[in-house]
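A note on names: the letters A, B, ... follow the listed sequences, proteins ahead of strands, and every chain is numbered from 1. None of these values were measured; they are calculated from a predicted model.
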Amino acid sequence: MRHSRFDTRLGLTATLAVAAFLIGPVLLSVTAGVTRNYFVGLSSGLTLDWIVQVWDLYADTIWRSYGVALATLAITTIIGVPAAWVLTLFPGRLSRLLEELLTLPVAVPGLATALALIVSWGSVGWLRSSVAFIVIGHVLFTLPFMVRAVRAGMQGADLVVLDEAAATLGASRRRRFFDIIVPAARSGIVTGALTVVTLSIGEFNLTWLLHTPLTKTLPVGLADSYASMRLEVASAYTLVFLLMLLPLMVGLQWIAARSTRHGGLGLGAST
Amino acid sequence: MGRRRAWLVIAAPAVVLFLAFWLLPMAKLAGIGAATPQGMDASAYWLVVTQPRYWQSLINTVALSLGATLATLVIALPVSRFLARHPDFPGRRVLMSLLLFPLAFPGVVVGFLVILATGRQGVLNTLSKALSGDPMVLAYGMAGLFIGYLYFLLPRTIGVLMTAVEGIDKHWLEAAQTLGANPWRRFVDIELPALTGALTAAGAMCFATAMGAFGTVFTLGTRIDVLPITIYDEFTNYANLPVAAALSVVLGLATWAVLYVANSLAARTARGN
Amino acid sequence: MTHPLTIRLDNCAKTWPDGTRALAPLNLSIDAGETLALLGPSGCGKTTLLRMICGLESADEGGRIRFGDDDVTQVAPEARGVGVVFQGYALFPNMNVAGNVGYGLKIRGVDAASRRRRVAEMLELVELEALAERRIDQLSGGQRQRVALARAITIEPRVLLLDEPLTALDARLRQQLRVDLAKLLKTLGITCVIVTHDQEEAMMLGDRVAVMSAGRLEQLGAPETLYRDPASPFVADFLGTLCRLEGGEVATRHGVAALTFRPHEVELAPPGRGLPACVQARFFLGSHIRFELALADGQRFTALAAPDAIWQPGDIVSALIEQARVA
Amino acid sequence: MTHPLTIRLDNCAKTWPDGTRALAPLNLSIDAGETLALLGPSGCGKTTLLRMICGLESADEGGRIRFGDDDVTQVAPEARGVGVVFQGYALFPNMNVAGNVGYGLKIRGVDAASRRRRVAEMLELVELEALAERRIDQLSGGQRQRVALARAITIEPRVLLLDEPLTALDARLRQQLRVDLAKLLKTLGITCVIVTHDQEEAMMLGDRVAVMSAGRLEQLGAPETLYRDPASPFVADFLGTLCRLEGGEVATRHGVAALTFRPHEVELAPPGRGLPACVQARFFLGSHIRFELALADGQRFTALAAPDAIWQPGDIVSALIEQARVA
Amino acid sequence: ADNAICYNCPPEWADWGTQLKAIEADTGIHVPQDNKNSGQSLASITAEKSNPVADVVYYGVTFGIQAAEQGLVQGYKPAHWDEIPDGLKDPDGRWFAIHSGTLGFMVNVDALNGAPVPQSWSDLLKPEYRGMVGYLDPSSAFVGYVGAVAVNGALGGSLDDFTPAIEWFRKLQANDPIVPKQTAYARVLSGEIPILLDYDFNAYRARYDDKVNVQFVIPQEGTVTVPYVMSLVANDPHPEAGKKVLDYVLSDKGQAIWANAYLRPVRPGAASPEAQAKFLPDSDYARAGTVDYARMAAAQRAFSQRYANEVN
Ligand SMILES: Nc1ncnc2c1ncn2[C@@H]1O[C@H](COP(=O)(O)OP(=O)(O)OP(=O)(O)O)[C@@H](O)[C@H]1O
Ligand SMILES: Nc1ncnc2c1ncn2[C@@H]1O[C@H](COP(=O)(O)OP(=O)(O)OP(=O)(O)O)[C@@H](O)[C@H]1O
Ligand SMILES: [Mg+2]
Ligand SMILES: [Mg+2]
């Protein structure tokens with residue numbers, strides 16, 4: 001089909017403008033992170049000193065963020081994949097309600113969820129001061145993304161019928177789950193996993209209220225550095241964060257390009 | 001059917017987690033909102049609706065979120081249409097990656113990027129000073145917030161709208177064309193109605209996201225109080241738990257309600273008219 | 001292959017949770033080794049009936065399903081020993097052809113070597129030896145259909161169930177595979193139920209055909225019986241075009257109030273002996289010519305004639321209705 | 001209706017941007033008021049050709065399309081005045097039946113009252129008067145098809161183009177609507193191109209049939225010409241099953257090396273006169289019986305016989321091949 | 001290593017960064033950095049009253065007084081307790097000063113775009129400083145409240161009447177100030193906030209240690225000097241480690257670190273002459289007074305309310 005020339009021009013202009021708007025600041029940040037003195041400009045020379053300084057100050061937050069993300073991933077996978085299967089299997093009203101409920105922690109601002117967690121679980125002994133508290137928050141926030149991604153994968157594969165086919169061939173429920181359902185939902189699970197890790201690494205709204213000085217994650221450190229560090233240090237820290245995100249995003253897009261179906265919820269870091 | 005029921009057990013962990021760590025805590029939070037804050041004489045819910053400080057913040061939030069949502073939709077629509085309609089555009093993959101990469105940025109980072117772009121040392125200020133001699137610093141005002149909101153809303157919306165545009169049967173447009181409709185009529189008569197559902201859903205998602213945005217405002221540290229910042233201030237600066245709880249409940253209910261209504265509407269348009 | 005089994009359904013009804021009744025209480029007995037074709041329009045309950053037989057749906061309270069002498073009403077699908085070919089084939093995308101065909105054996109703990117042997121046998125039977133290592137998405141529709149069939153019969157099922165096994169294929173392939181499938185079912189000699197909504201397919205594949213309508217069994221019998229001696233107008237019409245003429249001219253010539261007949265039962269001749277009719281349209285269709293005709297009183301009917309028929313639209317002919325049935 | 005127009009395509013080829021050639025350079029002239037059926041297997045370029053005529057695709061450099069005396073090669077689709085029925089109908093889901101049918105008039109600025117009148121007329125023509133206010137998703141497939149047709153002809157197009165207008169319907173409905181559509185096209189008397197991959201449909205609807213294969217026009221002519229005198233084996237086979245026998249027995253009896261024939265051209269008789277053959281399978285299909293037969297040397301062929309044929313699998317018969325053609 | 005959690009020990013403030021490293025090196029106790037402000041620290045220990053996270057807390061004096069009133073902290077008298085002047089400690093040891101600073105303008109001269117260095121509170125209201133002035137939220141951060149008290153006193157108000165301060169802040173709003181939520185030392189260094197209401201010690205550190213062209217200005221109309229205090233949190237999780245930290249910050253070594261960071265250590269003998277030499281002349285410091293901290297604490301809540309209602 002031919003497109004009207006006006007349409008194409010408007011679209012191209014808007015697209016390039018938006019791309020510049022979105023990527024320009026990222027480039028600025030990357031530049032600032034390796035510039036000796038950003039106030040003076042690039043003429044002051046390039047340096048990796050800021051990144052070294054970030055490493056000195058914040059290395060622990062980076063490791064902790066990876067730890068939290070992996071723990072979150074493990075939990076969301078273990079409870080999310082079965083939940084997605086049950087939702088796929090019972091496409092009725094009740095499932096819609098359940099899914100709607102599971103999505104609430106995403107729909108409702110993270111601040112509210114964090115407050116609720118603090119008032120109800122904050123006084124439980126070791127929990128408040130432990131990383132587990134943050135992991136709980138992250139699981140609440142990322143679980144719907146895992147469930148949606150896996151469900152999309154399952155629906156695409158027409159899994160209910162596959163499950164029935166395996167049943168008529170004599171496979172027990174357990175066998176079917178591991179032989180048929182999990183492999184068929186594989187691309188959904190991988191999408192979900194990358195999404196969960198990406199979101200967890202970037203989660204701020206919940207974590208900011210849930211963390212203690214000993215359980216700072218990377219975004220918390222970022223916020224600290226934005227508030228009180230030199231622009232160059234903050235930029236360098238941001239650069240480190242972007243580098244951590246990059247493989248995850250590349251992976252996500254690679255999968256999205258290969259499979260035609262996407263989960264409805266998409267990705268969307270806490271804002 | 002009966003035999004399927006046995007599968008239900010495996011969803012139990014998810015349900016338990018949700019009940020124990022979200023629903024019960026939320027209920028408790030809602031209860032705390034009914035308490036009377038120290039030094040006040042009414043329940044926090046009452047304060048929240050009567051004190052100008054709080055409802056002003058609510059109005060700010062709603063106005064900003066609405067404005068950002070509308071602007072996002074208007075900007076994202078041509079972008080999504082272009083990307084969806086030109087699958088063979090050279091560099092499309094790269095362009096898409098660039099447009100979607102910021103999806104993963106938390107609000108704090110977005111705030112920081114806004115400072116870099118439009119802050120005191122931002123390119124905008126440098127350019128403006130070079131061109132007109134006047135400084136131009138948007139980051140710390142309403143404009144900065146608005147830019148930040150656009151920044152995180154655009155990537156979310158473009159993806160959703162693109163899928164919707166791709167979902168429009170191109171034969172509808174061709175049918176209209178053979179019936180004599182010019183591009184504008186095709187857009188208005190066929191395309192927009194077909195996108196209504198997606199626009200509603202995307203708009204609601206934008207609105208809800210904007211309402212709950214915290215990191216961006218937090219980093220920008222503007223003087224414009226939006227609800228999440230008010231909640232945060234009440235809680236962390238004044239230890240005013242009842243008001244923080246009440247505001248959280250109000251904010252949560254408001255965003256959820258908007259999402260719910262819009263999604264029902266979108267589902268209805270998808271089904272029928 | 002195991003010895004074929006009879007299947008008996010007694011009083012099997014199906015009501016969905018939302019209250020709609022998919023099947024009225026139904027009694028059906030399928031002979032050992034026979035192929036029964038379930039024929040009926042969309043939504044009449046064919047799939048539901050099939051799923052009840054393989055245990056994927058349970059019958060309403062009071063229904064009984066027996067395989068030979070075993071009451072399987074309460075037996076789970078994984079223990080019923082039925083082979084099923086699903087409508088979209090439901091091949092496992094994470095396994096290759098051999099993996100799909102051998103899955104049932106793997107579940108049964110058959111060792112790898114015997115499994116491989118048996119899979120090879122099955123693939124030979126459906127003429128897919130060369131494709132054992134192919135991924136499912138690299139198969140054509142017809143190949144998929146045969147993999148599904150092989151998978152279903154590898155477990156030596158007591159009963160074979162097929163839900164519209166040819167519907168997903170395109171018209172030319174469908175016609176060709178019909179013949180192959182009929183041959184294979186004969187070879188297997190297994191008790192078999194096959195669902196279809198295409199009357200030709202039902203007549204070609206079924207030793208007997210069960211015509212269903214709105215959850216009820218309309219008629220059950222051999223294809224020729226059903227075609228020649230339909231129990232109801234629904235059955236008659238569903239198995240092929242049925243024309244109906246009544247009133248004046250018909251009463252005068254044939255001495256009956258109304259008669260029904262099939263288009264190929266009409267012979268056209270120069271005006272004279274039969275019902276005088278005017279040719280409205282003529283469609284050359286290769287192996288025959290189809291005429292649309294009208295009586296003087298406006299009643300319309302259809303006739304099939306040999307491809308050398310010379311009548312043209314506007315001609316007056318006389319229609320001789322052989323084997324005319326009184327309606 | 002406006003006076004019908006001829007359509008002429010000169011040297012029209014189509015190469016996709018990716019370099020694949022959908023159509024080889026093609027000359028085609030369609031008479032005023034005639035219905036041309038484009039017939040061919042999937043992917044042969046039928047839709048592409050149709051879209052070139054309505055302007056939704058442009059022909060490669062050098063191609064010319066003329067409607068009567070107008071050269072429309074450079075005219076945009078919205079100005080060509082063609083009515084198009086798309087394959088999936090492409091009805092606008094945001095408008096009801098009347099809205100869809102009247103859309104072309106609305107675009108032309110026709111006032112509401114005349115529009116209403118004209119829409120009512122059109123709906124009457126396709127027998128949908130009662131459904132004017134229905135939403136599109138409340139229509140059955142056959143009803144949609146008629147709405148699409150009404151929408152296309154409301155604008156009094158100079159040319160009517162239909163892309164597989166019946167494919168989306170189920171088999172029974174398709175057969176029925178074929179006749180209705182043929183009648184309507186005759187009534188309209190408009191120049192019309194109809195795409196199909198079903199040979200019966202092409203022969204029934206087309207005054208002439210153009211058989212295409214891999215982007216080329218294989219043969220163009222009246223249905224009977226094509227069936228009886230195919231220009232290539234491809235055309236012969238595409239218009240109906242074609243059997244082929246060769247070698248020993250055939251050479252002896254018919255004095256030729258090989259012969260081709262159609263199943264209905266075989267007559268089966270008790271052993272004696274023709275080629276001796278063994279009945280492999282017998283399928284009762286209502287209006288006829290289909291026999292699968294084998295010669296002594298293993299060659300297989302198919303024969304159609306009247307429904308009263310008595311042969312059973314295993315019988316030895318003799319096949320008399322009338323009008324046998326030398327291959 | 002042992003952990004002790006300190007609320008409001010930001011590395012870029014009062015050189016806590018060096019102090020925390022010294023604590024870890026000398027006592028083996030790891031104290032993670034923490035970027036809260038005084039108000040947030042108080043709010044946190046309030047919220048966590050039933051299950052405290054923090055062991056020690058550092059905040060402005062008025063917050064210490066409030067924390068003690070609300071029973072959020074416990075008494076502890078560290079080594080060198082007796083050297084702390086009266087009035088700068090709670091008799092029961094629930095809070096005690098460790099150092100003090102004088103509030104003024106921390107000005108990044110290079111970031112002024114040629115505008116003159118402002119010299120008075122009223123200068124800041126001039127349009128030439130539009131968008132350049134930063135201050136921390138007076139209703140939350142102690143430095144913010146001190147700023148309010150200082151401008152109030154300088155413009156003729158008293159602890160009973162904050163109207164001059166409120167007026168001044170309202171006028172400042174027209175000048176598009178930047179109000180960061182947390183310590184913004186580094187943002188002044190990088191030029192993002194050209195003028196920040198902050199303490200002398202931060203300004204000197206920027207000038208002499210970080211070598212940025214920063215000037216400290218004691219406004220013409222006057223200002224105040226205020227102490228910062230620490231407390232041991234009630235029912236804290238690591239009381240022993242917490243006590244060691246408190247002991248350390250009052251030790252010779254701890255106090256020397258403050259002194260070298262241009263603070264005035266609370267122990268009179270701990271001042272560092274080299275650092276003192278870099279201070280503004282005493283004549284300028286003559287404009288800096290003190291106030292009654294108990295009254296200042298008592299007035300805080302009412303001021304915060306007014307500020308929130310009338311300025312925001
Ligand atoms: N899970 C279900 N819940 C409620 N109604 C159902 C369910 N499954 C099927 N039905 C209804 O039961 C009836 C019979 O359905 P069934 O699938 O058996 O029809 P069918 O004869 O196989 O039709 P088709 O030829 O379209 O496959 C239909 O009216 C259908 O809508
Ligand atoms: N936009 C396109 N770009 C590249 N190739 C295309 C495009 N559209 C169609 N084709 C190719 O052009 C050839 C002709 O396609 P066309 O749609 O005309 O076939 P058709 O005869 O209508 O087939 P069908 O019966 O399946 O509808 C096919 O090989 C098809 O894959
Ligand atoms: Mg079915
Ligand atoms: Mg086509």
Side-chain angles (χ1 to χ4, degrees), chain A residues 28 32-33 35-41 44 50 53-54 56-61 64 114-131 133-134 208-217 219-237, chain E residues 3-13 16-17 20-21 30-37 40-41 43-44 47-57 108 110-111 134 136 141 178 180-194 196 202 206 210-213 236-238:
Chain A
L28 289 179
T35 303
R36 195 168 296 285
N37 186 339
Y38 189 65
F39 191 54
V40 175
S44 63
W50 305 123
Q53 194 175 333
V54 163
D56 282 349
L57 280 171
Y58 294 112
D60 62 320
T61 67
R64 191 170 298 111
L115 271 188
L117 274 176
I118 289 174
V119 298
S120 48
W121 290 92
S123 50
V124 176
W126 54 272
L127 193 58
R128 179 71 184 93
S129 319
S130 103
V131 181
F133 205 45
I134 294 177
W208 183 249
L209 287 187
L210 296 181
H211 85 278
T212 69
L214 278 176
T215 58
K216 276 190 214 153
T217 63
V220 170
L222 274 178
D224 271 357
S225 74
Y226 294 161
S228 54
M229 291 288 165
R230 291 184 64 98
L231 206 59
E232 292 87 344
V233 175
S235 294
Y237 199 3
Chain E
N3 288 317
I5 293 181
C6 171
Y7 274 175
N8 189 17
C9 306
E12 298 295 321
W13 172 276
W16 268 104
L20 295 181
K21 280 195 191 114
H30 171 67
V31 183
Q33 40 177 292
D34 180 58
N35 251 349
K36 291 184 182 59
N37 65 30
Q40 290 165 353
S41 303
S44 294
E48 291 155 6
K49 194 172 174 180
S50 60
N51 187 21
V53 172
D55 297 295
V56 298
V57 54
N108 184 334
D110 294 340
L136 269 66
I178 307 167
K181 296 287 164 192
Q182 259 131 3
T183 311
Y185 171 80
R187 288 167 71 180
V188 179
L189 263 56
S190 64
E192 186 65 20
I193 302 175
L196 182 68
N202 283 333
D210 285 322
K211 311 260 185 281
V212 177
N213 187 8
D236 66 311
H238 321 101

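Taking CG of Asn51(E) as the reference point, atom CD1 of Ile118(A) lies at 11.5 Å (rounded to 0.5 Å). To the nearest 0.5 Å, the span separating CG on Leu189(E) from CG on Leu231(A) amounts to 11.5 Å. With rounding to the nearest 0.5 angstrom, the OH atom of Tyr226(A) is 13.0 Å from the CD atom of Glu192(E).
Neither the backbone nor the side chain of Pro237(E) comes within less than 4.5 Å of any heavy atom of chain A. For chain A, the nearby part of Glu48(E) is the side chain; its heavy atoms alone come within less than 4.5 Å. Within the 4.5 angstrom heavy-atom criterion, only side-chain atoms of Ser129(A), from C-beta onward, approach chain E. For a residue to count as touching a neighbouring chain, one of its non-hydrogen atoms must lie under 4.5 Å from one of that chain's; by this rule Ala54(E) does not touch chain A. Contacts of Val220(A) with chain E are absent, with no heavy-atom separation under 4.5 Å from either backbone or side chain. Both the backbone and the side chain of Leu57(A) come within contact range of chain E, each with at least one heavy atom under 4.5 Å from a heavy atom of that chain.
Put simply, the residue from Thr212(A), Thr215(A), Leu214(A) that forms a side chain to side chain contact (heavy atoms under 4.5 Å, CB included) with Val53(E) is Thr212(A).
Inter-residue side-chain proximity for Arg230(A) and Asp210(E) is flagged as unmet; no heavy-atom pair is nearer than 4.5 Å.
With chain A as partner, the option from Ala184(E), Ser50(E), Gly191(E) having the largest number of non-hydrogen pairs under 4.5 angstrom is Ala184(E). When each of Gly122(A), Ala223(A), Pro213(A) is checked for heavy-atom pairs under 4.5 Å with chain E, Pro213(A) comes out on top.
Remark: Trp208(A) engages Tyr232(B) in a side chain to side chain donor-acceptor pair (under 3.5 Å) (not counting sequence neighbours).
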